[in-house]
Amino acid sequence: MVNLREKPYYLNDEQIQWVEDTISGMTTEEKIGQLFVNMVADAEERKPENIKKVLDAYHPGAIRYHNAPKEELWEMADCLQNTTKIPLLIASNCEAGGNGGCQGGTPIANGAAMAAIDAPEEVFKMAEISAREAAAVGCNWNFAPVVDLLYNWRNTIVQLRAFNDSPDDVIRYAKSFFKGMKTQNIATCMKHFPGDGTEENDQHLLMGINEFDCDKWDRTYGKVYKELIDEGVMTIMAGHIALPAYSRKLRPGIRDEEIRPATLAPELITDLLKGQLGFNGLVVTDASHMIGMFGATIPRSRQVPQAIAAGCDMYLFFNDREEDFGYMMEGYRNGTITEERLQDALHRILGVKAALNLHRLQKEGKLVAPKENLAVVGCEEHHRASREFADKYVTLVKDRLHYLPMTPEKYKRIKLVYIGSEATVIAGMKFESNDKNIISDIVSQLEEAGFEVDAEVSAKKGKIEEFKKQYDCVLLVLNIQGFAQYNTMRIKWDEPVKQPWYMSELPTVVVSLSNTNNLIDVPMARCYINSYMDHHESFAAALEKMMGKSEFKGRYNENVFCGRWETRF
């Protein structure tokens with residue numbers, strides 16, 4: 001059983017008494033409900049009457065939501081916390097700024113951008129801003145930081161979200177992230193145990209596999225988890241990622257077909273994470289609609305209770321509330337979830353709530369910050385910080401033929417070629433890209449800087465000599481991003497005229513607003529820049545540097561060359 005007096009809870013007698021009294025006063029249905037993190041999907045589900053129905057019927061222990069305007073999310077949180085019997089954990093996904101907490105939140109810098117800056121104190125500032133904005137809309141739990149290690153440059157899930165492939169760097173940055181989050185009453189949740197970044201597959205589509213042997217895992221991912229557990233991280237998200245070497249070591253004789261993702265593997269959660277690594281906190285599954293779990297080799301009726309039986313303490317998202325609740329209840333009744341395991345999970349869940357003093361805040365009517373605190377979301381101070389971060393992380397990877405600086409005097413007439421992304425899937429829902437807004441912003445910034453910009457997509461290439469007379473340079477902007485649809489993300493040249501035939505005809509500057517590894521598809525680029533983020537401040541900083549008004553300060557990881565020789569020149 002969990003020890004609530006020890007790390008990461010450090011509960012006193014009063015807090016422990018609240019935990020014990022609360023659990024003893026629960027019905028069986030309320031106990032089972034605490035195991036679930038419910039998704040509030042849209043405006044319809046945010047209505048007070050619908051919130052009440054969910055709380056009354058399923059008693060979830062925590063809530064996550066799809067991003068919406070800050071006022072709507074504040075109203076949702078206020079309604080939730082005023083309606084619930086037991087205070088709720090309300091989770092955000094602020095990995096890179098307040099934009100992970102609500103629409104209009106301030107994007108600051110993702111993991112890759114922070115590694116480009118290489119300054120733990122800057123990670124602290126990013127996390128502090130994220131925490132302020134998340135807390136303003138009512139959040140008290142943050143699904144971050146990402147502590148995966150990007151060893152495989154083809155990986156699409158954490159290519160930008162992870163810091164890099166250095167365990168020591170990740171440890172330094174994550175510790176600073178924890179401290180930034182602690183400036184508000186928010187619990188952190190590092191992810192995705194046992195570690196993403198060794199392969200290119202997407203757990204949204206199939207089970208991930210970390211193929212490291214036990215010794216190598218101990219030196220890398222294990223080192224990261226052990227250090228950060230010792231640092232006092234309160235919660236950890238388990239990924240739909242198998243670790244076959246440890247499953248075989250801890251379960252001698254296990255057959256290949258019996259190897260499960262961590263979310264369903266007791267040898268990985270109970271034995272390795274909670275046992276060998278000594279994690280005394282709360283484990284939540286990654287989203288259960290992901291095919292890495294949903295499409296596992298056992299039916300969902302067994303997956304739902306098996307995740308808790310394996311050692312996970314909370315189950316992230318219902319597929320169908322009534323059905324999944326029934327599966328969990330049946331798993332308890334038939335002994336898949338033992339009474340001891342249920343009690344342990346409940347103590348960990350309530351332990352986190354007590355450590356955040358949610359029970360006291362509930363009595364005082366202060367579970368949600370005053371509405372006037374919403375002014376901090378997207379405020380000018382935070383956008384100024386975003387500009388300062390961008391100035392530090394934008395990275396020049398190469399400029400072999402010295403195309404830079406790119407000035408109106410040198411390249412007055414620019415042909416803008418933009419390659420964007422298709423619709424993306426987030427937490428099981430499809431969202432259209434915002435490419436039109438990004439293109440418009442880029443054109444505006446270029447024109448304001450004195451350039452003449454043609455962003456139209458021609459029907460055909462036309463005569464090369466005419467093209468060269470019409471333009472002075474080409475600016476190729478890449479914004480290839482997204483997951484949950486493909487196992488690999490490569491540039492899709494959606495129009496033949498956009499294909500890089502122009503690179504040998506005119507000076508071409510390539511700027512990536514997202515994935516850092518696009519040189520695999522444009523190795524012939526003589527000038528290539530990573531700006532990591534697709535928001536206004538990021539491109540503004542890149543443009544300033546391209547024009548020679550400030551120096552490039554970001555550092556790149558060798559992964560940018562994709563393990564190829566021809567990408568370097």
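Everything quoted here is computed from the prediction, not taken from an experiment.
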Between R154 and D521, does any NZ, NE, NH1 or NH2 come within less than 4.0 Å of an OD or OE carboxylate oxygen?
no
Parallel under 30°, tilted from 30 to 60°, perpendicular over 60°: which one fits the rings of H535 and Y393?
perpendicular
Flag side-chain contact, heavy atom, 4.5 Å: L475 against L446
yes
Exceeds 12 heavy-atom contacts within 6.0 angstrom, atom CD of E121:
yes
Answer yes or no: is there an ion pair linking K371 with E75, defined by an N-O contact shorter than 4.0 Å?
yes
Taken in chain and number order and not counting sequence neighbours, the residues that satisfy ring pair (Phe, Tyr, Trp, His ring centres under 6.0 Å) with F389 are none
Any donor-acceptor N/O pair, N155 side chain to L150 backbone, under 3.5 Å:
no
Determine the interplanar angle of the F317 and H289 rings, folded into 0 to 90°, and report it as parallel if under 30°, tilted if 30 to 60°, perpendicular if over 60°.
parallel
Could I get the full list of side chain to side chain donor-acceptor pair (under 3.5 Å) partners for T508, not counting sequence neighbours?
none
Any donor-acceptor pair under 3.5 Å linking the side chain of S538 with the backbone of D534?
no
Do side-chain atoms of W74 reach the backbone of A369 as a donor and acceptor pair under 3.5 angstrom?
yes
Could you tell me whether F193 and Y225 have their ring centroids closer than 6.0 angstrom?
yes
Close side-chain approach of M76 and E72, heavy atoms under 4.5 Å
no
N/O donor-acceptor pair under 3.5 Å between K545 side chain and D391 backbone:
yes
Keeping the roles fixed (side chain from Q103, backbone from N67), state whether a donor-acceptor pair exists under 3.5 Å.
yes
Test of understanding: with side chain to side chain donor-acceptor pair (under 3.5 Å), list the residues that count as partners of E558, not counting sequence neighbours.
R568
Ring centroids only, cut at 6.0 angstrom: are F36 and F318 within range, meaning strictly under it?
yes
Under-4.0 Å salt bridge between D230 and K7
no
Is it true that a side-chain atom of D435 and a backbone atom of S421 form a donor plus acceptor pair closer than 3.5 Å?
yes
